[in-house]
Undergrad: 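Following this message is one structure expressed as structure tokens.
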Amino acid sequence: MADDDLLDFERTSFTFEGKERAVFRKGNGPAVIIISEIPGITPAVANFARRVAERGITAVMPHVFGVPGKAMSGAYAAQSIGSGCMAREFACFVPGRTSPITVWLRALARHEHERCGGPGVGVVGMCFTGGFALAMMVDDAVLAPVLSQPSLPFPLGKSHKRDLGISDVDLARVKERVRDDGVCVLGLRFTNDPGVPAERFQRLRDELGDGFIAVEIDSSPGNPYGNPKRAHSVLTEHLVDEPDHPTRQALDQVLDLFDQRLLHPAGA
């Protein structure tokens with residue numbers, strides 16, 4: 001896929017506690033914060049944002065890492081992973097810790113809620129940022145969190161595989177919101193993805209019960225859908241945009257969640 005100039009997005013910026021980042025916005029209506037995967041806001045991530053905007057929602061992409069619009073490549077991804085692992089904003093290796101960058105992202109979500117209106121905001125985290133949507137639920141504004149292939153902390157051992165990349169205090173607040181506010185968490189993963197082990201989704205089931213909806217897409221060798229066994233990015237790089245394909249069905253389920261929670265909350 002060629003580079004994307006992102007010219008159809010409005011480029012703004014947001015500053016919180018002295019940290020300024022570029023923000024790419026498209027559409028009108030309640031906001032959904034789309035936190036890009038490694039290596040950054042690729043053309044595939046931008047296309048996902050466009051699909052969100054088409055539903056009558058404001059798609060908001062903060063520039064977290066990488067070069068906005070640059071196409072995915074192995075070398076580019078490796079460079080971004082290296083930079084992310086060295087940044088203090090990301091809890092890549094330590095279990096039971098919320099990544100510090102989520103404080104800035106929560107502030108952005110509150111800002112966009114005030115700016116765009118509606119009952120609240122949605123959040124989509126992907127890969128490196130997948131679990132950030134869970135951590136951002138500590139704020140009441142977040143009504144539709146989506147964890148797409150949540151990969152942190154890296155699953156380097158048994159405890160890491162079950163870890164959710166969130167502190168015990170934040171997890172308690174998340175469970176409270178599921179129980180008292182009816183917030184539903186949607187999680188997406190490929191079954192053969194070593195970066196997002198089954199144990200992590202089982203932990204989400206154990207903690208959140210019916211408040212967690214798991215979409216696990218078959219990527220085992222010889223699977224009937226043609227998914228590569230190393231498939232990872234459900235909504236972007238490994239999306240097969242055909243109505244009967246499970247990745248397209250997963251995309252539709254994400255968009256339907258935003259419809260139900262942000263556009264038509266009375267029927268949620």
Side-chain angles (χ1 to χ4, degrees), residues 14 16-19 21 32-38 62 64-65 81 83-113 120-189 193 195-214 261:
F14 177 71
F16 179 71
E17 293 186 342
K19 180 65 177 181
R21 287 185 169 89
V32 169
I33 312 299
I34 300 167
I35 317 166
S36 68
E37 60 197 346
I38 291 291
V64 176
F65 34 60
I81 289 175
S83 298
C85 288
M86 292 186 291
R88 294 181 179 179
E89 292 179 305
F90 305 102
C92 299
F93 303 102
V94 181
R97 184 184 175 213
T98 301
S99 289
I101 193 175
T102 59
V103 175
W104 188 94
L105 291 167
R106 285 164 49 199
L108 173 64
R110 293 191 299 269
H111 171 77
E112 292 296 335
H113 182 207
V121 303
V123 180
V124 182
M126 306 175 180
C127 176
F128 216 71
T129 70
F132 295 178
L134 191 70
M136 292 171 67
M137 276 179 65
V138 301
D139 279 0
D140 291 341
V142 176
L143 297 182
V146 178
L147 285 60
S148 190
Q149 70 270 4
S151 305
L152 295 186
F154 295 136
L156 302 177
K158 185 176 180 179
S159 64
H160 285 64
K161 287 181 179 180
R162 277 182 56 83
D163 198 84
L164 303 179
I166 190 172
S167 70
D168 290 342
V169 172
D170 287 348
L171 178 57
R173 173 62 179 151
V174 167
K175 294 170 72 171
E176 181 181 82
R177 295 211 58 221
V178 169
R179 182 187 66 244
D180 298 342
D181 300 340
V183 178
C184 182
V185 178
L186 181 61
L188 318 174
R189 67 179 285 269
D193 185 354
V196 191
E199 292 90 337
R200 185 161 293 164
F201 271 36
Q202 185 57 51
R203 173 79 184 283
L204 285 162
R205 293 186 185 94
D206 293 344
E207 298 287 358
L208 305 181
D210 293 341
F212 176 62
I213 298 176
R261 299 296 298 185

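Note that the structure is predicted; figures quoted are calculated from it, not measured.
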Undergrad: Look up atom CG in Asp170 and atom CE in Met136, then write down how far apart they are to the nearest 0.5 Å.
TA: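 The distance works out to 12.0 Å.
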Undergrad: Residues two or more places apart in sequence or in another chain: which of them pass ring-ring contact (aromatic ring centres under 6.0 Å, His included) with His160?
TA: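 Result, ring-ring contact (aromatic ring centres under 6.0 Å, His included) vs His160: none returned.
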Undergrad: ring-ring contact (aromatic ring centres under 6.0 Å, His included) with Phe14: which residues, sequence neighbours excluded?
TA: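 Partners of Phe14 under the ring-ring contact (aromatic ring centres under 6.0 Å, His included) test: Trp104, His111.
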Undergrad: Kindly list each side-chain donor-acceptor pair under 3.5 angstrom involving residues 120-130, sequence neighbours excluded, with atom names and distances?
TA:
residue	atom	partner	partner atom	Å
Thr129	OG1	Ile35	O	2.9
Thr129	OG1	Ser36	O	3.3
Thr129	OG1	Met126	N	2.9
Thr129	OG1	Met126	O	3.0

Undergrad: Run the side-chain contact (heavy atoms from CB on, under 4.5 Å) check on Leu204 and Leu134 step by step: do they pass?
TA: CA-CA 10 Å; Leu204 285 162; Leu134 191 70; 4.1 Å; yes
Undergrad: Can you name the nearest heavy-atom pair linking Ala135 to Ile166, along with the distance?
TA: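 Closest approach of Ala135 to Ile166: CA-CD1, 3.8 Å.
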Undergrad: Provide the closest heavy-atom pair for Ala141 versus His113 in the form atom of the first, atom of the second, distance.
TA: CB-ND1, 3.8 Å
Undergrad: Kindly state each residue pair satisfying salt bridge (charged side-chain N to carboxylate O under 4.0 Å, His left out) with at least one member in residues 131-143, sequence neighbours excluded.
TA: Arg106-Asp139, Arg110-Asp139, Asp140-Arg173, Asp140-Arg177
Undergrad: My understanding is that only residues two or more places apart in sequence, or in another chain, count here; which of them pass side chain to side chain contact (heavy atoms under 4.5 Å, CB included) with Ile81?
TA: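 Ile81: side chain to side chain contact (heavy atoms under 4.5 Å, CB included) contacts with Ile38, Cys85.
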Undergrad: Could you list the donor-acceptor pairs under 3.5 angstrom formed by side chains in residues 88-97, with sequence neighbours left out?
TA:
residue	atom	partner	partner atom	Å
Glu89	OE1	Arg21	NH2	2.9
Glu89	OE2	Arg21	NH2	2.6

Undergrad: Sequence neighbours excluded, which residues qualify as side chain to side chain donor-acceptor pair (under 3.5 Å) partners of Asp163?
TA: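 Once residues adjacent in sequence are excluded, Asp163 has no partner under the side chain to side chain donor-acceptor pair (under 3.5 Å) criterion.
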Undergrad: Can you tell me how far the CG atom of Leu108 sits from the CD1 atom of Ile33, to the nearest 0.5 Å?
TA: 4.5 Å
Undergrad: Does anything in residues 142-159 form a side chain to side chain donor-acceptor pair (under 3.5 Å)? List the pairs, not counting sequence neighbours.
TA: Glu37-Gln149
Undergrad: How about CG on Asp180, more than 12 heavy atoms from neighbouring residues, nucleotides or ligands closer than 6.0 Å, or not?
TA: yes
Undergrad: Tell me, which pairs form a salt bridge (charged side-chain N to carboxylate O under 4.0 Å, His left out) where one or both residues lie in residues 197-212, sequence neighbours left out?
TA: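 Non-adjacent pairs meeting salt bridge (charged side-chain N to carboxylate O under 4.0 Å, His left out): Arg162-Asp206, Lys175-Glu207, Arg203-Glu207, Arg205-Glu216.
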Undergrad: Contact between Val169 and Val138 at the side-chain level, heavy atoms closer than 4.5 Å - yes or no?
TA: no
Undergrad: Between the side chain of Thr98 and the main-chain N/O of Ser167, is any donor-acceptor distance below 3.5 Å?
TA: yes
Undergrad: Side chains of Phe16 and Val103: closer than 4.5 Å at any heavy-atom pair?
TA: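 Side-chain contact under 4.5 Å: yes.
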Undergrad: Might you point out which heavy atoms bring Pro145 and Cys184 nearest each other, and give the distance in Å?
TA: CD-O, 3.4 Å
Undergrad: Looking at Ala144, is its backbone amide N or carbonyl O close enough to the side chain of Arg261 to form a donor-acceptor pair, meaning the two atoms are under 3.5 Å apart?
TA: no
Undergrad: Quick check: closest heavy atoms across Leu143 and Val183, and the distance to 0.1 Å?
TA: O-CG1, 3.8 Å
Undergrad: Would you please name every residue forming a side chain to side chain contact (heavy atoms under 4.5 Å, CB included) with Ser83, sequence neighbours left out?
TA: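 Per chain and number, Ser83 pairs via side chain to side chain contact (heavy atoms under 4.5 Å, CB included) with no residue.
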